[in-house]
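Below you'll find the structure, written out as structure tokens, and then a few comments.
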Amino acid sequence: MVRPNAPAAFQHRFAPGQAVRVADRPALGHCRTPWYLRGKSGTIAAVQGAYRNPELLAYHRPGLPRRVLYKVLFKQADVWGRYAGPAGDHLEADIYEHWLEPQTT
Amino acid sequence: MHDHDDHDHDHDDDHGHGHPHAPPQKDHDTGPASAYEVLEEAIRQLLIEKGVLTPQEIAAQVDRMDSRTPALGAKAVARAWVDPAFKRRLLADTRAALLELDIDIGTLAEFRTVESTAKVHNVIVCTLCSCYPKMLLGIPPAWYKSLAYRSRAVADPRGVLAEFGVEVPKGVEVRVHDSTADLRYLVLPMRPKATRGWSEAELAAIATRDCMIGTAVPTVPRRAKSKRAA
């Protein structure tokens with residue numbers, strides 16, 4: 001049996017290395033996209049799998065179709081306007097595909 | 001506050017042995033039940049009445065969660081330090097590698113192991129709530145769930161680490177992992193150089209809980225260093 005979150009079992013829009021931007025939009029209710037990352041640019045670090053959508057699961061719905069989850073790598077300097085540490089510092093977060101847009105610039 | 005279990009007189013009375021006492025510590029469950037406590041009680045009773053779960057099964061699961069300790073994670077770290085092939089498997093598929101050590105982390109959450117090296121220091125946080133690798137490290141420390149840690153660890157990780165006594169050199173990257181969704185993270189800390197020839201049990205003893213969160217680095221006790229040198 002193919003595990004539902006094994007990469008071969010689903011299509012994914014973004015690939016590792018691709019530049020993305022986290023959608024800058026509000027969300028009502030349960031949401032796993034932190035506010036501090038909305039509108040921020042990063043890079044796909046890994047395709048983590050396809051999981052039931054927590055925004056629906058939180059309200060006792062099946063959370064289907066599954067949503068692809070990515071590990072996104074951000075430069076700390078791109079996340080915080082006044083990050084105090086060195087330029088090489090990074091932050092990673094797991095972000096669902098429907099919260100990501102291709103970075104066009 | 002000292003432990004009063006060993007004597008049974010009433011401390012509310014003036015019992016005249018010449019020093020003031022702190023008021024008795026309140027039971028953690030005094031006062032009206034919160035909405036969540038009422039909800040938990042109602043759901044638990046329903047599950048029992050409808051025969052979905054027995055009280056024994058609930059107690060056994062609570063015991064199972066409470067009995068998890070960072071010793072499980074430390075065992076995996078120690079093995080990874082002595083066995084490069086195991087380390088590769090742990091980094092590639094954490095759940096499967098842990099099963100080799102008879103550690104079953106269940107299937108509720110996916111696990112990832114991130115390796116700290118001479119070039120990168122990893123630290124784990126969950127800004128949204130307090131996601132934590134409980135099946136491997138046990139119940140999280142109170143500070144891990146605090147708003148202060150959750151908000152500051154992402155914005156000023158070096159400042160937070162310094163407060164934990166960890167000074168990361170400027171040339172070493174600090175990488176924060178915000179476990180926002182379905183994955184739980186474990187830090188594989190860097191093995192100290194002064195541990196050459198140590199047994200897995202000796203190594204596990206220095207792979208502490210905070211080392212596996214990333215708010216500490218393994219240290220070799222002075223005593224052990226001198227013992228080895230002797």
Side-chain angles (χ1 to χ4, degrees), chain A residues 3-7 22 27 29-38 40 42-43 45-55 57-58 60 63 66-100, chain B residues 39 43 91-96 107-131 147 150-163 166-185 187 214:
Chain A
R3 281 161 63 201
N5 50 16
V22 180
H30 187 86
C31 176
R32 299 294 183 93
T33 308
W35 276 99
Y36 75 92
L37 291 175
R38 294 191 196 172
K40 307 297 181 187
T43 308
V47 183
Q48 300 282 41
Y51 296 90
R52 297 208 279 162
N53 184 355
E55 292 162 35
L57 279 181
H60 312 289
R66 285 171 178 262
R67 300 286 187 162
V68 179
L69 184 67
Y70 298 90
K71 172 178 275 228
V72 183
L73 177 70
F74 300 90
K75 287 181 186 164
Q76 284 281 30
D78 290 343
V79 176
W80 313 103
R82 290 175 299 173
Y83 183 71
D89 285 0
H90 288 83
L91 181 138
E92 292 186 343
D94 294 324
I95 308 285
Y96 282 96
E97 188 171 87
H98 60 290
W99 277 91
L100 294 174
Chain B
L39 182 65
I43 291 172
L91 295 171
D93 186 343
T94 298
R95 171 179 293 117
T107 52
L108 279 179
E110 295 273 341
F111 273 61
R112 293 280 190 278
T113 306
V114 290
E115 184 187 14
S116 288
T117 66
K119 290 181 180 159
V120 58
H121 178 90
N122 296 288
V123 59
I124 310 299
V125 63
C126 171
T127 57
L128 295 178
C129 43
S130 53
C131 295
L147 190 58
R150 287 161 45 212
S151 52
R152 293 185 55 221
V154 283
D156 180 23
R158 285 176 187 266
V160 170
L161 289 171
E163 289 170 25
V166 178
E167 295 282 352
V168 182
K170 282 238 185 291
V172 175
E173 173 191 345
V174 169
R175 188 172 291 209
V176 180
H177 300 262
D178 189 355
S179 40
T180 45
D182 290 73
L183 290 99
R184 302 291 169 269
Y185 290 91
V187 172

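Proteins come first, then strands; the chains are lettered A, B, ... in the order of their sequence lines, and each starts at number 1. Not measured: the values here are computed from a predicted model. For the numbers below, each heavy atom of this structure counts, side chains included, while hydrogens, waters and symmetry mates do not.
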With a 4.5 Å cut-off on heavy-atom pairs, point out which of A/Tyr36, A/Tyr96, A/Trp35 contacts chain B the most.
-> A/Tyr36
Distance, nearest 0.5 Å, that separates CD of B/Glu173 from OG1 of B/Thr117 = 8.5 Å
Between A/Leu91 and chain B, which part of the residue has a heavy atom less than 4.5 Å away: side chain, backbone, both or neither?
-> both
Among A/Asp94, A/Leu73, A/Leu69, A/Ile95, single out the residue with the greatest number of heavy-atom pairs under 4.5 Å to chain B.
-> A/Asp94
A/Thr33 backbone acceptor or donor facing A/Arg38 side chain under 3.5 Å | yes
If you tally heavy-atom pairs under 4.5 Å against chain A, which of B/Arg158, B/Arg112, B/His177 wins?
-> B/Arg158
Tell me, with the steps shown, if B/Arg175 and B/His121 meet side-chain contact (heavy atoms from CB on, under 4.5 Å).
-> CA-CA 6 Å; B/Arg175 188 172 291 209; B/His121 178 90; over 6 Å; no
If one checks every heavy atom of A/Leu37 against chain B at 4.5 Å, the contacting part turns out to be neither
Any donor-acceptor N/O pair, B/Asn122 side chain to B/Val187 backbone, under 3.5 Å = no
Could you look at B/Val172 and say if it's the side chain, the backbone, both or neither that has a heavy atom under 4.5 Å from chain A?
-> backbone
Spacing of B/Asp182 atom CG and A/Gln48 atom CD [to the nearest 0.5 Å] = 9.5 Å
Residues in salt bridge (charged side-chain N to carboxylate O under 4.0 Å, His left out) contact with A/Arg67, at least two apart in sequence or another chain = none
Part of A/Phe74 lying under 4.5 Å from any heavy atom of chain B | neither
